[in-house]
Amino acid sequence: MKKVTFHIVDVFAEEKYSGNQLAVCHSGRSLADDEMQQIAKEMNYSETTFVLSNERRENGYDVRIFTPENEVPFAGHPSLGTAYVIQREIIQKPVKKIKLNLLAGQIPVAFKYKEDMADRLWMKQAAPSFGDTFDAGDLSEVLSLPDHAIDSRYPVQEVTTGLPFIIVPLKTLKDVRAARVKRDEYYKLIRDSSAKALFIFSPETYKDENDLNARMFAEYYGIPEDPATGSANGCLAGYLVKYRFFDSEKINIRVEQGHEIGRPSLLYLRAEEKNGKIDVHVGGRVVMVARGEFV
């Protein structure tokens with residue numbers, strides 16, 4: 001394996017050592033697929049990304065994303081974290097936007113600065129599409145919750161903006177905190193579904209200034225629980241608008257995640273329905289943590 005430089009960043013983090021950790025590797029084009037997969041497994045974060053070249057192609061940077069178990073076509077916090085590293089370490093000057101060429105397509109990431117330092121990043125996700133609905137009783141069984149914990153006013157449904165999730169509305173923060181995934185029931189549920197991850201949320205929060213609390217479970221991808229999930233929150237944003245959760249076709253909200261596992265994260269969601277199409281933007285801060293090399 002050739003020398004590969006990497007940076008560790010915390011994404012959706014208001015300060016260092018919160019949010020979701022990400023390793024961003026440079027010089028990825030020199031690596032074979034199995035080498036990238038091995039590095040992702042050794043890093044053991046929910047995802048590790050590889051910038052294949054410092055040169056742009058089709059006005060974007062080629063990037064691949066691996067979990068410890070699989071390559072994935074799109075993921076939220078890797079998109080923001082990778083764009084941050086490209087701006088800071090490759091371009092080395094403020095830019096308004098960076099485009100990432102992912103397996104799922106080209107994703108633009110916009111930058112907001114404070115004194116020439118990237119303060120908040122926003123990515124525009126693909127328009128959400130809505131798939132199968134699920135029996136609420138099946139999900140309460142998988143999550144070790146009573147049936148009444150699930151908010152029956154809204155469906156349990158598969159949603160995707162590039163990576164599919166099963167969105168599960170719960171009534172209270174107590175229900176979110178109590179959720180425990182039953183492994184056998186989980187694998188039975190996802191066996192015939194394109195969505196392999198569960199995303200639960202409630203309108204009750206730890207902090208009054210936030211609008212929702214959420215958790216994400218995805219053992220299939222090697223992630224028992226994720227502290228911050230941009231792709232899932234993009235799906236959630238579309239879901240909230242489609243079902244008028246806040247009695248509006250437009251949202252601008254804050255979602256907290258990761259408190260239950262000691263990595264408090266904050267994600268900003270903007271979404272609006274126009275002419276039958278929902279535009280989704282997910283934002284957050286990125287903090288640099290460390291730099292290293294694989295040799």
Could you list the donor-acceptor pairs under 3.5 angstrom formed by side chains in residues 109-119, with sequence neighbours left out?
| from | atom 1 | to | atom 2 | distance (Å) |
| --- | --- | --- | --- | --- |
| Tyr113 | OH | Val95 | N | 2.7 |
| Tyr113 | OH | Val95 | O | 2.7 |
| Asp119 | OD1 | Arg285 | NE | 3.3 |

Listing request: all salt bridge (Lys or Arg N to Asp or Glu O under 4.0 Å) pairs with a residue in [range], at least two apart in sequence or in separate chains.
range            : value
residues 226-246 : Arg244-Glu273
residues 49-61   : Arg57-Asp62
residues 88-99   : none

Centroid separation Phe245 to Tyr239 less than 6.0 Å: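 Not under 6.0 Å, so no.
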Less than 4.0 Å between a side-chain N and a carboxylate O, is that true for Lys207 and Glu256?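 Looking at Lys207 together with Glu256, the answer is no, because their closest N to O distance does not fall below 4.0 Å.
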Is Asp279 paired with Lys124 through a side-chain N to carboxylate O contact shorter than 4.0 Å?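 Salt bridge: yes.
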Residues Gln125, Met123; criterion side chain to side chain contact (heavy atoms under 4.5 Å, CB included); working and verdict: CA-CA 6 Å; Gln125 296 189 6; Met123 63 181 160; 3.5 Å; yes
Compile the donor-acceptor pairs under 3.5 Å between side chains in residues 4-13 and protein atoms, sequence neighbours left out, one pair per line.
| from | atom 1 | to | atom 2 | distance (Å) |
| --- | --- | --- | --- | --- |
| Asp10 | OD1 | Arg263 | NH2 | 3.0 |
| Asp10 | OD2 | Tyr17 | N | 2.6 |

How does the hydrophobic cluster around Tyr268 look, that is, which other residues are in it when side-chain heavy atoms under 4.5 Å mark a link?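 Tyr268 shares its hydrophobic cluster with Trp122, Leu266.
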Among residues at least two apart in sequence or on other chains, which ones pass ring-ring contact (aromatic ring centres under 6.0 Å, His included) with Tyr187?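 For Tyr187 there are no ring-ring contact (aromatic ring centres under 6.0 Å, His included) partners, ignoring immediate neighbours.
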Test salt bridge (Lys or Arg N to Asp or Glu O under 4.0 Å) applied to [X] - qualifying residues, sequence neighbours left out:
X      : result
Glu69  : none
Arg183 : Glu219
Arg180 : none

Answer yes or no: does atom CZ of Arg177 have more than 12 heavy-atom neighbours from other residues, nucleotides or ligands under 6.0 Å?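 No - once you tally the heavy atoms of other residues, nucleotides and ligands closer than 6.0 Å, there are 12 at most.
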If you count heavy atoms of other groups shown closer than 6.0 angstrom to NZ of Lys174, is the number above 12?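 Atom NZ in Lys174 is not crowded, with 12 or fewer foreign heavy atoms closer than 6.0 Å.
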For residues 129-136, please give each side-chain donor-acceptor pair under 3.5 Å, one per line with the distance, not counting sequence neighbours.
| from | atom 1 | to | atom 2 | distance (Å) |
| --- | --- | --- | --- | --- |
| Asp135 | OD2 | Gly137 | N | 2.8 |
| Asp135 | OD2 | Asp138 | N | 3.2 |

Qualifying ring pair (Phe, Tyr, Trp, His ring centres under 6.0 Å) pairs with a residue from residues 52-91, counting only residues at least two apart or across chains: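 Residue pairs passing ring pair (Phe, Tyr, Trp, His ring centres under 6.0 Å), neighbours aside: Phe50-Phe66.
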Is it true that a side-chain atom of Ser265 and a backbone atom of Pro227 form a donor plus acceptor pair closer than 3.5 Å?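 It does hold such a pair.
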